[in-house]
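Written below as structure tokens is the structure these notes are about.
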Amino acid sequence: MRWRTLICVSAAMAALINVAAADEADTSGKADTSGKKVTLGIPSSAGGGYDGYSRLLARHIGRYLPGTPTVIPQNVPAGGGLVLMNQLYNVAPRDGSYFGMVRTSTLYEELYKNPAVKFEGRKLTWIGNLNSDYDTCITWHTSGVTSVADLYTREVVVGSAGAGAMSASMPAIYNQFLGTRFKVILGYTGTQQRVMAMETGELQANCGFTTVTLRATGGPAFRDGKLIVLVQGGMTKDPEFPDVPNMLDEAKTPEARAALEFVFLQGELGRPYAGPLGLADEVAERLRDAFDRTVKDGAFLTEAEKLKFDIGAMNAAAVDKSVSRLYATPRDVVDKVGASMAHGGD
């Protein structure tokens with residue numbers, strides 16, 4: 001996952017995407033689609049986390065919508081999620097027949113003033129969020145890097161695929177705003193390649209691993225304590241790692257804290273869903289109520305567990321609060337974070 005990707009996408013692309021909703025959909029924001037098909041837009045190709053979580057939601061949420069409609073997943077991968085966002089904001093029907101997952105990185109693209117952005121994220125109709133992500137920096141048990149204090153007193157070599165990746169961006173942010181001494185080496189294209197490089201001593205640590213990824217792919221090395229979670233990064237701590245230091249607590253100045261909160265809000269808003277601009281209140285409430293009931297549904301939770309999908313749902317009000325906090329970040333902090341992420345491997 002990229003934290004910041006400069007994407008050149010024409011707004012006209014949104015018009016090329018088929019919104020698989022009812023024919024002659026009412027765009028007044030007042031209609032209801034009881035018993036009809038509802039489309040759930042997914043900002044990625046088939047396969048992977050965004051797609052998997054959304055298809056899980058699609059299989060269950062229809063039971064809680066008026067008329068129990070069939071919910072059809074629709075992949076809209078173009079532009080790293082920007083096309084779907086532009087579509088939601090500008091052309092999607094406003095009758096409850098279309099909603100979509102928001103790739104949170106697209107909100108950052110608006111704040112970074114990407115010209116391909118043709119939406120205002122604060123004005124979307126937020127429905128809920130399925131889970132939050134927590135970043136980590138991990139070490140191999142023989143690395144000699146054993147505490148957060150080591151990050152300030154010695155050079156710690158980490159690997160990354162490229163300057164825009166989390167694995168490069170997070171160390172760069174920590175270096176700039178906290179004074180850590182990470183050295184990022186580019187060219188490590190995959191998670192397992194970086195883990196192997198730690199095992200051989202080629203790398204000393206790695207950042208950009210979410211706790212979800214560790215639990216799903218860490219394997220025996222993680223379970224046996226050879227992969228150690230040195231620090232985590234989030235607006236709060238992952239409940240499963242209560243004793244692991246949070247880098248947010250390392251912020252010693254208001255600017256540093258604002259920068260880390262700005263970055264960590266992307267994780268807090270891990271997999272949110274929104275409806276189009278201008279949904280009538282009663283239509284929005286139907287979608288929100290259906291979401292809130294789905295994430296407590298026994299069949300939904302059982303399937304999520306089988307798929308090893310973490311569910312830590314937020315309701316619409318909590319999502320809106322986090323989005324508002326993101327957009328309230330001071331402009332100079334946004335610019336500094338953006339520059340640091342763009343050059344994370346330099």
Side-chain angles (χ1 to χ4, degrees), residues 9-43 54 57-58 61-62 64-67 69 71-74 76 78-79 81-111 114-130 269 271-294 314-328:
V9 178
S10 168
M13 289 181 67
L16 300 177
I17 301 296
N18 172 38
V19 181
D23 295 336
E24 301 180 4
D26 187 341
T27 59
S28 67
K30 298 180 180 180
D32 181 25
T33 53
S34 297
K36 298 181 181 179
K37 293 179 180 179
V38 172
T39 301
L40 195 168
I42 304 171
S54 293
L57 181 65
I61 195 171
Y64 296 106
L65 289 168
V71 179
I72 302 173
Q74 180 195 55
V76 187
L82 277 183
V83 168
L84 177 56
M85 279 289 278
N86 287 341
Q87 173 179 300
L88 268 175
Y89 195 83
N90 295 291
V91 301
R94 300 193 298 271
D95 59 4
S97 65
Y98 194 98
F99 70 105
M101 174 185 272
V102 172
R103 201 163 186 160
T104 312
S105 58
T106 61
L107 303 179
Y108 285 73
E109 292 301 325
E110 181 185 356
L111 291 166
N114 185 332
V117 169
K118 306 299 177 185
F119 60 81
E120 295 181 57
R122 283 172 292 187
K123 294 184 179 180
L124 288 171
T125 304
W126 294 102
I127 295 169
N129 176 31
L130 282 181
L269 292 164
R271 289 167 179 81
Y273 293 82
L277 176 73
L279 278 186
D281 289 346
E282 62 268 24
V283 178
E285 286 309 309
R286 289 189 189 105
L287 285 169
R288 289 166 177 162
D289 179 67
F291 181 91
D292 291 345
R293 293 170 69 185
T294 300
M314 299 166 63
N315 64 21
V319 173
D320 188 69
K321 183 177 180 180
S322 293
V323 170
S324 296
R325 191 170 183 175
L326 178 69
Y327 280 85

- Do S322 side-chain atoms and L269 backbone N/O form a donor-acceptor pair below 3.5 Å? no

- Given side chain to side chain contact (heavy atoms under 4.5 Å, CB included), test V117 with N114 step by step and report yes or no. CA-CA 6 Å; V117 169; N114 185 332; 4.0 Å; yes

- Task: Evaluate the side-chain proximity of L279 to F99: yes if any heavy-atom separation is below 4.5 Å, no if none is.
- Result: no

- Item | Within-4.5 Å side-chain heavy-atom neighbours: E110 and F119 | yes

- What pair of heavy atoms forms the shortest contact from Y98 to V38, and how long is it? N-CG1, 4.5 Å

- Query: So does R293 pair up with D289, basic N to acidic O under 4.0 Å?
  - Reply: yes

- Hey, is the main chain of A92 close enough, under 3.5 Å, to the side chain of Q87 for a donor-acceptor pair? no

- Item | Distance (rounded to the nearest 0.5 Å) between D320 CG and N129 CG | 12.5 Å

- Query: At what distance, to the nearest 0.5 angstrom, does CG of L326 lie from CZ of R122?
  - Reply: 9.5 Å

- What's the shortest heavy-atom distance between P272 and T104, and which atoms? CD-OG1, 3.7 Å

- Note on the structure: On a heavy-atom basis, the closest approach of L65 and A290 is CD2-CB, 3.6 Å

- Query: Is there a donor-acceptor pair closer than 3.5 Å between any side-chain N or O of N315 and the backbone N or O of G128?
  - Reply: no

- Item | Side chain proximity check, V319 to Y273, heavy atoms < 4.5 angstrom | no

- Any side-chain heavy-atom pair of L82 and R103 under 4.5 Å: no

- Residues K123 and L277: closest non-hydrogen pair is O-CD1, 3.3 Å

- Message: Looking at every heavy atom in both P43 and G81, which two are closest together, and how far apart are they?
- Response: CB-CA, 3.8 Å

- Between L57 and the options T294, V71, I42, the side chain to side chain contact (heavy atoms under 4.5 Å, CB included) test singles out T294

- So do the side chains of K321 and R325 get within less than 4.5 Å of each other, counting heavy atoms only? no

- Message: Do N90 and K118 have side chains that approach each other closer than 4.5 Å (heavy atoms only, starting at C-beta)?
- Response: yes

- Message: So K37 and S97, do their side chains get closer than 4.5 Å, heavy atoms only?
- Response: no

- Would you say the side-chain atoms of R288 pair up with the backbone N or O of A316, donor to acceptor, closer than 3.5 Å? no

- Say whether, by atom type as modelled, one donor and one acceptor occur between the side chain of T125 and the main chain of P276 under 3.5 angstrom. yes

- Residues in side chain to side chain contact (heavy atoms under 4.5 Å, CB included) with A274, at least two apart? V102, L124, W126

- Message: Counting C-beta onward and ignoring hydrogens, is there a side-chain heavy-atom pair between Y64 and D292 closer than 4.5 Å?
- Response: no

